[in-house]
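A note on names: the letters A, B, ... follow the listed sequences, proteins ahead of strands, and every chain is numbered from 1.
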Amino acid sequence: MALALDLRNLPDADVAALAKEGREPAFRELVRRYERPVFSLIFRMVRDRETAEDLAQDTFIKVLNNIDRYRPEFKLSSWLFKIANNVTIDHLRRRQLATVSLDGSPHAATAAEAQATSLDVESRGQSALEAIESRELGSAIELAIGKLRPEYRSCILLRHVEGRSYEEIAATLDLPLGTVKTYIHRARHELREALEDLRQ
Amino acid sequence: MERHLLPEEIDLLLDGEVGFGTPPLKAHVRSCAACSKELEGARALVRQLEHLPHIAPSPMFASRVLSRVQLFVPWHVALLDSVRGFIPQSRALRFATAGLFATIAIALTTASVWAWARLDAVMFTADFVLDRLRTAAFGAVATGLSALFGDAARPLLAGGVLGLATAALLLVVTAAAAAALIRVAAVRARGR
């Protein structure tokens, strides 16, 4: 118990060092610190609670099983978000191959093209779980985020929900800095348009 | 500035950039209602995004993750933990233990230095003690064998230490062969 209380005050690098020594409380502390940010990012990307839980679980298992490869000169959270993003993007790509996208062609270069190639679903029966999900992600801003392309979505969430700098996002997502700035700029623009559409 | 702000310039202000080019942009925003409205709209969006809550996974999430993580304790950590297990918790006891170990270390060092200065005497004493021990051990084993096997042990004892070593080896080999035979029989019996 004493160790658990102490761990809460330690910086990430120190907790990671303890995890490298195989300390179970350090593993638990890392999960406690980042389960919500990682799950939120993934949930807002895939918009399905069960899938998000599975992907978040895969993310933590990958991180914790490879904790000995973590280099303390980098932020642990950046490494964690990088793996979460990769796991999620892989899942979205696999799902895109397996199903018809409702969000428009994956090859659409602009929001207008994506809109033109998207399918509209008039109505569908909601399960209890979907009802909870729609309550969690049901606000106008959440709906607008859901309409963004996945790469815009991860950039805007990391920037404004997680408060990461452009440089950190570029390093986390393995994207050039200019691309990150462009994605965030476009995402803001599309969000404002979507919010105005929803208001009307 | 004669024109309205470009979207990139709105982004600069939104991100709180304080570089060389931002003062004219800020001055323009103060005097232009359209650009001011545009910037305020962008700021409102950012505020909304920044207020989005973190969503919690299900309550058993951490336990499910940890049940699938391989916990590996490196040998040096395990060793250190074992050593720490012997260190007393109370401060006074720790000092007392440290004092005891320091006393033992000093005594051993002094004894080693003394022994090194009188190496011949030490060698003689050690040789003497070892000889006595060997004789005592041989005597004990011979008594035990004579008690167990009677006259049958006489040829073994006549062979001295070498005879005893051969007998011990034979005993070990016989025991191992018997154990192997019993195991084979047990495995076959289980297979039926």
*For B:I10, is it the side chain, the backbone, both or neither that has a heavy atom under 4.5 Å from a heavy atom of chain A?*
neither

*asked:* Need one label for A:I184: side chain, backbone, both or neither, based on atoms under 4.5 Å from any heavy atom in chain B.
replied: neither

*For each of B:R64, B:H76, B:Q48, tally heavy-atom pairs with chain A at distances under 4.5 Å, and name the one with the top tally.*
B:R64

_Top of A:L157, A:I61, A:L64, A:V161 for chain B proximity - count of heavy-atom pairs under 4.5 angstrom_ = A:I61

*With chain B, which of A:I141, A:V31, A:N65 has the greatest number of heavy-atom pairs at distances under 4.5 Å?*
A:N65

*Would you mind checking which part of A:L41 comes under 4.5 Å of any heavy atom in chain B, side chain (CB onward), backbone (N, CA, C, O), both or neither?*
neither

_Angle between ring planes, A:Y34 versus A:F81, binned at 30° and 60°: parallel, tilted or perpendicular?_
perpendicular

_Note, A:R192 side chain near B:E38 side chain (heavy atom, < 4.5 Å)_ = yes

*In this structure, which one of A:R186, A:K181, A:R188 forms a salt bridge (charged side-chain N to carboxylate O under 4.0 Å, His left out) with B:D11?*
A:R188

*Where on A:I42 is there a heavy atom nearer than 4.5 Å to chain B: the side chain, the backbone, both, or neither?*
neither

*Establish, for the pair A:R149 and A:Y152, whether the NZ or CZ atom is under 6.0 angstrom from the six-membered ring centre and no further than 45 degrees off its axis.*
yes

*Apply the test side chain to side chain contact (heavy atoms under 4.5 Å, CB included) to residues B:R134 and B:F138: give CA-CA distance (whole Å), side-chain angles for both, the deciding distance (0.1 Å), then the verdict.*
CA-CA 6 Å; B:R134 198 163 45 233; B:F138 184 75; 5.8 Å; no

*Are any of the side-chain nitrogens in B:E50 or B:R43 under 4.0 Å away from the carboxylate oxygens of its partner?*
no

*Could you tell me whether the side chain of A:E21 reaches within less than 4.5 Å of the side chain of A:L18, counting heavy atoms only?*
yes

*What part of A:R32 lies closer than 4.5 angstrom to a heavy atom of chain B: side chain, backbone, both or neither?*
neither

*Leading residue by heavy atom contact count with chain A [cutoff under 4.5 Å; candidates B:A62, B:P7, B:S63]*: B:P7

*Between chain B and each of A:G22, A:A19, A:A144, count heavy-atom pairs under 4.5 Å; write down the option with the most.*
A:G22

_Heavy-atom side-chain contact between A:T51 and A:R95 under 4.5 Å_ = no

*Below 4.5 Å from any heavy atom of chain A, which atoms of B:L66 appear? Answer side chain, backbone, both or neither.*
side chain

